[in-house]
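The shown structure was predicted, so the numbers you read here are calculated from the model rather than taken from an experiment. Start at 1 with the first residue, then count along the sequence.
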Amino acid sequence: MVILLALIPAICWGSIGLVSGKLGGNSYQQTLGMTVGALLFGIFSLFYFHPHYSLMIWGVGIASGLFWAVGQFQQFQSMKAIGISVTVPVSTGAQLVFQSLAGVILFNEWNTTKTLSMGTIAMIILILGIVMTSLRDNAKRDTRARTYNTGAGVRAIIFSTLGYTLYTVIVELGNVNSKSVLLPQSIGMVIGALLFAAGKHPFGKPMAKNIITGLVWGVGNFFMFMSIPAVGLAISYSLAQSGIIISTFGSIFLLGEHKTRKEMVYVTVGSVLVIAGSAILGIMK
């Protein structure tokens with residue numbers, strides 16, 4: 001039962017790309033709608049956790065939310081450019097690599113021979129997973145290949161990874177309570193989404209529908225906090241990353257992202273490697 005509780009974040013976060021894909025809308029509408037849903041969850045956290053606020057918490061939270069908006073908007077852009085089944089595992093692996101590097105450089109993690117060895121192995125596995133997931137079957141290129149914009153997708157993933165990395169790093173640098181930061185963070189998310197969407201006419205039915213995406217994200221966030229005391233950070237962290245299975249294969253079988261037989265092998269092996277790398281990092285924590 002406890003493990004099922006810890007799997008809820010994986011199910012929720014792994015479903016975000018599928019839910020937003022089904023609900024439709026452009027990247028601006030998806031990001032803004034999602035942040036409004038996250039804000040509703042942030043307001044809920046105010047009454048559930050009864051957090052203490054300070055000027056530092058508000059500043060760190062809003063800044064973190066702004067970086068999250070960069071990460072999520074660019075991830076939606078990448079999904080449009082190269083598909084969910086490539087974006088999610090590559091983005092997840094890249095985030096784990098960058099966050100691990102930030103931990104080593106900024107927080108002096110991996111300061112023993114054992115952690116350095118395990119961390120290096122995890123990084124190699126993650127990079128292999130990223131490479132495998134992004135491989136194409138050049139022998140069977142078809143008309144779908146012309147619908148991909150690889151350059152735009154790669155650029156978007158780079159900016160998305162930087163945004164998501166700073167979103168988590170700034171909270172750790174500020175040394176603030178993660179439950180207290182939820183509401184300020186969600187306000188920063190909305191501000192960031194509005195800045196991206198300025199002049200893009202984001203309001204309308206697609207934006208309103210994507211509030212559901214934000215609520216799904218919020219539920220995952222909530223159960224992450226609930227599962228950590230029950231099963232520990234390491235298990236919660238590792239299980240949460242397994243959500244890429246849902247998003248990657250859901251986009252193929254539910255949203256119709258075509259893959260050749262060889263590409264299915266690539267994406268399967270790559271996803272397993274990303275999960276394995278994240279599991280090692282989770283054990284280290």
Side-chain angles (χ1 to χ4, degrees), residues 2 4-16 19-20 23 25 28-73 75-76 95 99 163-198 202-203 207-233 235-237 239-240 243 285:
V2 173
L4 290 176
L5 181 75
L7 280 171
I8 292 176
I11 295 169
C12 290
W13 293 343
S15 302
I16 285 173
V19 173
S20 62
L23 294 175
Y28 304 99
Q29 293 167 325
Q30 289 173 325
T31 305
L32 184 57
M34 188 173 175
T35 59
V36 172
L39 178 60
L40 294 175
F41 172 77
I43 295 170
F44 165 75
S45 73
L46 175 66
F47 297 100
Y48 189 88
F49 295 122
H50 304 289
H52 167 73
Y53 293 111
S54 66
L55 190 61
M56 172 65 83
I57 289 171
W58 279 103
V60 168
I62 290 174
S64 173
L66 288 170
F67 285 124
W68 180 93
V70 173
Q72 188 59 56
F73 172 73
Q75 190 171 86
F76 279 139
Q95 288 171 50
Q99 287 170 1
Y164 272 133
T165 300
L166 291 170
Y167 148 72
T168 56
V169 165
I170 196 170
V171 174
E172 198 163 349
L173 280 172
N175 194 29
V176 295
N177 185 283
S178 56
K179 294 178 182 178
S180 298
V181 87
L182 289 174
L183 179 59
Q185 203 173 56
S186 64
I187 292 172
M189 291 175 181
V190 174
I191 294 171
L194 287 170
L195 290 173
F196 273 117
F203 300 101
M207 187 280 287
K209 289 196 295 184
N210 273 283
I211 293 174
I212 297 171
T213 312
L215 292 174
V216 171
W217 178 87
V219 170
N221 215 31
F222 175 78
F223 278 101
M224 173 62 95
F225 284 117
M226 294 299 100
S227 65
I228 288 172
V231 300
L233 178 61
I235 295 176
S236 298
Y237 181 88
L239 288 176
K285 290 179 179 290

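- Taking every heavy atom of both residues into account, Ser45 and Gly42 meet most closely at OG-O, 2.5 Å.
- The line from CG of Asn210 to CZ of Phe76 is 6.5 Å long, rounded to the nearest 0.5 Å.
- Atoms CD1 and CG, on Ile191 and Leu195 in that order, are 7.5 Å from each other to the nearest 0.5 Å.
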Pairs under 3.5 angstrom only: tabulate donor-acceptor contacts from the side chains of residues 51-73 to other protein residues two or more places apart or in another chain.
from: Ser54; atom 1: OG; to: Ile57; atom 2: N; distance (Å): 3.3
from: Ser64; atom 1: OG; to: Tyr167; atom 2: O; distance (Å): 2.7
from: Ser64; atom 1: OG; to: Gln185; atom 2: NE2; distance (Å): 2.8
from: Gln72; atom 1: OE1; to: Tyr164; atom 2: OH; distance (Å): 2.3

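- The distance from atom CZ of Phe44 to atom CZ of Phe49, rounded to the nearest 0.5 Å, is 7.0 Å.
- Taking Thr168 as the reference, Gln99 meet the side-chain contact (heavy atoms from CB on, under 4.5 Å) condition, with sequence neighbours excluded.
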Hey, can you pull the donor-acceptor pairs under 3.5 Å for the side chains in residues 29-37, sequence neighbours left out?
from: Gln29; atom 1: OE1; to: Asn26; atom 2: N; distance (Å): 2.9
from: Gln30; atom 1: NE2; to: Ser20; atom 2: O; distance (Å): 3.2
from: Thr31; atom 1: OG1; to: Ser27; atom 2: O; distance (Å): 2.7
from: Thr35; atom 1: OG1; to: Thr31; atom 2: O; distance (Å): 3.4
from: Thr35; atom 1: OG1; to: Leu32; atom 2: O; distance (Å): 2.7

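- Residue Ile16 holds its CD1 atom at 13.0 Å from CD1 of Ile11, rounded to the nearest 0.5 Å.
- In this structure, the separation between CZ on Phe41 and CG on Leu183 is 10.5 Å, given to the nearest 0.5 Å.
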